[in-house]
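Inspection log for the structure reproduced underneath, given as structure tokens.
Source: prediction; values computed, not measured. We count residues from 1, following the sequence as given.
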Amino acid sequence: MKQILVGLIIAFCAPMAHSMPDELPASNGELLELLDGEIEKRGKYEKEHRIKIDSIRMNIAMTTDSVKLLKLYQNLGNAFHELNADSAVIYFTKGLEIAKATGDSTSVQRLFILRAREFRKLGAAHEGIKDLEHVKSNGLKAENLDLYYDVGREISFSMSSLYPYTEATSSYLKRGLDFAHKEIEVLQPGSLRYMLCQALIHLGEGDSALGVAVLNDILENASLKDHEYPLAATLLGEHYAERGDKESAIYYFALGALSDIYRANMHGTALLRLGEILYSEDDTVRAHNYLSVALENALRANAKMNATMISGALMPVSNDIQQYNNRRVLMLGFLLICLVVAFVVIVKMYFSKRREMAVVQNVRFALAEANRSKETYMSQFMNLCSSYMESLEDFNRMCRRKITAGQSEDLLQFIKAGKVMDDQRKKFYDIFDDSFLHIYPTFVNDVNELLTPEKRVSVSAPNVLTTELRILAFMRLGVEDTSQVARFLGLSLNTIYTYRNKMRTRAINRDTFEEMVMKIGAIE
């Protein structure tokens, strides 16, 4: 029993006010479910603790009085006691420097003792022992006796855990019990800390029944936020684990872990021990979660001794989890292969059908486009013919009037002026441009994409083509007879050739320009 007690004496600082359940679950299952939920919310409790730390830091920044600063640094070190041992050492040391400078020997002694407690967590217990010996050699102050005995007891029990059960172990255990006996002499009888020392003495001297009774009294009288609660619960868990009562051990370890979470204590061992015993009960997943959280806490708090113990406990659990995951991966791999084969078959069938449907759809789309183009061409052709017939009738009526009135000379002058041809050609341009751009709405942009940026064509209106664009439009429509294009546009053959050459010189690729124009709007 003495060997098991070693290393379990963990320091706990001032309680924090947290929201806790009014009544704890009676069964292990319900208690573990509560613990799982609180683990997920552990950041909230740490945040509350850090609010207190930030408040102390703000007071330090605004304080110049040495006496107040000394007190604030001591409070800040105590606030970091459960969060991070390195930070606690830093602030206790700063307080120590102020205490030395002001000649406050009582505070100097107290801060030496507090710093020694943090050295133990950092794996530097020998430095802590040296600080305690230094304090004792200079004479203990009455105000510091309870703290001196408390820290001496912690360090002594912790040192005993570093060795196999040898003479050194026995020596440190004896020193720890001696400190506990002296501590109980300066404590108020009936206080939680007094009862805790009683229980440690009974357990250390082999009277486990009386020790367990006192620990149960502590749990009945203490709150989860009291710093004696998690240590008492952990010690009870160890007692029942040693006797093979794993159900009771799990319950008390869970209580200790729950209290550590509410207190934002990163140095507790209850979660470690709970993970170990759950692993022995084949609850591997939960054990892995608890040990991982415990290791995260230890690393963040720089608790080297705890981190070493947790790493050793976590390794076999992680290996089992890895093997379990590997088996699951193999099973999932087999199922995945089956699903992939089925999926491939289904996909092949799907794409085969889809290709067939796509071919049908493309044919239907091409036919629909052809019908729309035909209707557009027919409509525009009828509009053009109607316009020419109307213009021809107007010209015939005018000719009859002029000839009947003997105005042949006026008629000849009118015909020579070419106004009729200009009007008809303008109508032709308007109808042609509108019809062509209806069938090829992106023609102008597509042509410009083939030209260099600085030589692109701009149009005066959205549905109007320039002369060079009309020449390209006839080319796109397949009108290969240049003389016919010249007649339509009222231009000479040389002018047509000149426009085509100019457009080629403005193209990004002159050799393929006209070929690319022919592909504009083509259905692939």
Side-chain angles (χ1 to χ4, degrees), residues 10-20 38-39 41-124 127-128 131 135 143-144 146-147 150-151 154 223-230 259-268 293-294 296-307:
I10 308 300
F12 301 91
C13 71
M16 295 283 291
H18 296 309
S19 174
M20 297 178 295
E38 295 304 315
I39 283 176
K41 297 186 293 185
R42 65 188 184 278
K44 178 185 75 172
Y45 301 109
E46 180 184 345
K47 184 177 180 181
E48 292 175 4
H49 200 103
R50 288 192 179 276
I51 289 173
K52 175 183 176 181
I53 289 173
D54 292 339
S55 175
I56 298 173
R57 281 174 166 164
M58 289 178 62
N59 287 331
I60 288 174
M62 296 184 294
T63 302
T64 57
D65 182 78
S66 297
V67 175
K68 291 181 179 179
L69 277 175
L70 173 59
K71 184 66 174 177
L72 287 170
Y73 276 123
Q74 181 176 317
N75 290 342
L76 189 55
N78 283 328
F80 271 108
H81 168 59
E82 293 181 328
L83 284 180
N84 187 281
D86 277 327
S87 297
V89 168
I90 289 171
Y91 293 115
F92 285 143
T93 302
K94 287 185 177 181
L96 186 60
E97 292 170 356
I98 296 174
K100 288 179 178 178
T102 58
D104 186 347
S105 59
T106 301
S107 293
V108 168
Q109 189 176 92
R110 188 168 191 83
L111 287 163
F112 262 115
I113 298 169
L114 290 171
R115 193 175 66 173
R117 179 178 60 186
E118 304 307 320
F119 282 148
R120 191 266 307 172
K121 297 177 194 170
L122 295 171
E127 285 76 359
D131 273 359
V135 166
E143 300 93 325
N144 296 330
D146 60 339
L147 179 63
D150 187 49
V151 175
E154 285 184 35
S223 164
L224 282 165
K225 65 184 179 181
D226 289 322
H227 77 276
E228 290 84 5
Y229 193 101
S259 178
D260 282 334
I261 290 171
Y262 289 140
R263 293 175 50 76
N265 179 27
M266 303 290 183
H267 297 277
V293 172
E296 177 189 341
N297 289 344
L299 293 175
R300 291 181 60 199
N302 199 21
K304 293 183 173 61
M305 292 181 63
N306 282 6

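- Side chain of N297 to main chain of N265: no donor-acceptor pair is present (N/O by atom type, distance under 3.5 Å, no hydrogens or angles).
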*Before giving the answer on side chain to side chain contact (heavy atoms under 4.5 Å, CB included), spell out for V89 and T93 the whole-Å C-alpha distance, their side-chain angles and the decisive distance to 0.1 Å.*
CA-CA 6 Å; V89 168; T93 302; 4.0 Å; yes

*Start with the C-alpha distance between V151 and L147, add both sets of side-chain angles, then the distance that settles side chain to side chain contact (heavy atoms under 4.5 Å, CB included), and finish with yes or no.*
CA-CA 6 Å; V151 175; L147 179 63; 3.9 Å; yes

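- Here the side chains of L111 and L70 are in contact, with some heavy-atom distance below 4.5 Å.
- Note: R120 CZ to H267 NE2 = 8.5 Å, rounded to the nearest 0.5 Å.
- Looking at T102 and V67, their side chains never come closer than 4.5 Å, going by heavy atoms from C-beta outward.
- Electrostatic pairing of R42 and E46 does not count as a salt bridge here, judged by no charged N lying under 4.0 Å from a carboxylate O.
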_I'd like to know whether L76 forms a side chain to side chain contact (heavy atoms under 4.5 Å, CB included) with I53, so could you lay out the CA-CA distance, the side-chain angles of the two residues, the decisive distance to 0.1 Å, and finally the verdict._
CA-CA 6 Å; L76 189 55; I53 289 173; 3.7 Å; yes

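- To the nearest 0.5 Å, the span separating CD on E38 from CD1 on I261 amounts to 7.0 Å.
- Looking at R50 and F80, their side chains come closer than 4.5 Å, going by heavy atoms from C-beta outward.
- Residue pairs meeting the ring pair (Phe, Tyr, Trp, His ring centres under 6.0 Å) criterion with at least one partner in residues 94-115, sequence neighbours excluded, are F112-H134.
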*Steps toward side chain to side chain contact (heavy atoms under 4.5 Å, CB included) verdict (H227, R263)*: CA-CA 8 Å; H227 77 276; R263 293 175 50 76; 3.2 Å; yes

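- Between the side chain of D226 and the backbone N or O of E228 there is no donor-acceptor pair closer than 3.5 Å.
- Residues passing the side-chain hydrogen bond (donor to acceptor under 3.5 Å, both in side chains) test with Y91 are R57, sequence neighbours excluded.
- Interatomic distance, D54 CG to N59 CG, rounded to the nearest 0.5 Å: 11.0 Å.
- Rounding to the nearest 0.5 angstrom, the gap separating the CD atom in Q74 from the NZ atom in K71 is 5.0 Å.
- Checking E118 against H81 by side-chain atom types alone, a donor-acceptor pair falls below 3.5 Å.
- Using a cutoff of 4.0 Å between basic side-chain nitrogens and carboxylate oxygens, E97 and K94 are not scored as salt-bridged.
- Separating the CD1 atom in I56 from the OG1 atom in T63 is a distance of 11.5 Å, to the nearest 0.5 Å.
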